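Below is one structure, written out as structure tokens, with a few remarks after it.
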Amino acid sequence: VNSTTGVEENNATTALRIFPNPASTEVQVTTAQPGQVITLIDAQGREALRQVVNSSDRLDLSALEPGNYAVLLTNAARKVVARERLTIAR
């Protein structure tokens with residue numbers, strides 16, 4: 001919360017970084033805190049991948065179909081703290 005305005009600041013842009021994007025077989029994931037969960041959701045709304053990540057980890061995407069995915073980062077309380085989009089292209 002910003003002490004001047006009293007408004008909660010959104011740190012989602014720094015909470016999660018994924019590169020390269022578009023990706024082919026793996027991505028590097030950087031999070032603000034270790035022990036959070038990354039979930040990839042495919043275009044049909046199905047969970048394609050779920051993995052606990054450290055502050056910097058690699059995700060193996062080789063088993064996933066090419067396409068667009070929503071990426072959710074959740075904390076220990078299961079609250080979504082960041083959202084990104086990821087494209088897998090081969």
Side-chain angles (χ1 to χ4, degrees):
V1 176
N2 183 305
S3 60
T4 305
T5 63
V7 175
E8 187 171 339
E9 295 177 347
N10 182 355
N11 292 324
T13 56
T14 59
L16 174 63
R17 293 191 178 192
I18 301 171
F19 53 92
N21 191 6
S24 100
T25 58
E26 73 176 20
V27 289
Q28 180 72 35
V29 176
T30 305
T31 64
Q33 296 183 0
Q36 295 180 320
V37 176
I38 291 272
T39 306
L40 272 63
I41 308 293
D42 69 14
Q44 287 75 40
R46 298 178 298 217
E47 183 178 296
L49 177 76
R50 177 180 293 248
Q51 182 174 325
V52 175
V53 293
N54 293 313
S55 296
S56 182
D57 255 332
R58 291 186 187 271
L59 295 182
D60 179 8
L61 307 175
S62 60
L64 302 180
E65 293 294 320
N68 295 313
Y69 292 82
V71 181
L72 306 177
L73 179 67
T74 53
N75 62 17
R78 299 183 139 201
K79 178 183 176 191
V80 175
V81 295
R83 298 173 195 264
E84 292 289 335
R85 298 248 180 237
L86 172 65
T87 299
I88 299 175
R90 295 194 182 100

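Computed from a predicted model, the values in this text were never measured in an experiment.
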Minimal non-hydrogen separation, [X] against [Y], with atom names:
{"X": "T30", "Y": "S56", "result": "OG1-OG, 4.3 Å"}
{"X": "Q51", "Y": "R58", "result": "NE2-O, 3.8 Å"}
{"X": "A23", "Y": "L61", "result": "CB-CD1, 3.8 Å"}
{"X": "I41", "Y": "E47", "result": "CD1-CA, 3.9 Å"}
{"X": "A48", "Y": "L64", "result": "O-CD2, 3.5 Å"}
{"X": "N54", "Y": "D57", "result": "N-OD2, 2.8 Å"}

Side chains of I38 and L16, heavy atoms from C-beta outward: is any pair under 4.5 Å?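 Yes, at least one pair of side-chain atoms sits under 4.5 Å.
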
Do L59 and V53 touch side chain to side chain, with heavy atoms closer than 4.5 Å?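 Touching, per the 4.5 Å side-chain cut-off.
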
Using only atom types and a distance under 3.5 Å, with no angle test, would you say the side chain of [X] pairs donor to acceptor with the backbone of [Y]?
{"X": "R90", "Y": "S24", "answer": "yes"}
{"X": "N75", "Y": "Q36", "answer": "no"}
{"X": "N21", "Y": "R85", "answer": "yes"}

For residues [X] and [Y]: do they belong to one hydrophobic cluster (side chain heavy atoms under 4.5 Å, members Ile, Leu, Val, Met, Phe, Trp, Tyr)?
{"X": "L72", "Y": "L49", "value": "no"}
{"X": "V29", "Y": "L40", "value": "yes"}
{"X": "V37", "Y": "I18", "value": "no"}

Can you tell me how far apart CZ (R17) and CD (E84) are? Round to the nearest 0.5 Å. 9.5 Å

Going from CG on L86 to CG on N68, what distance comes out if it is rounded to the nearest 0.5 angstrom? 8.5 Å

Should the heavy atoms of other residues, nucleotides or ligands under 6.0 Å from CD of E65 be counted, would the total exceed 12? no

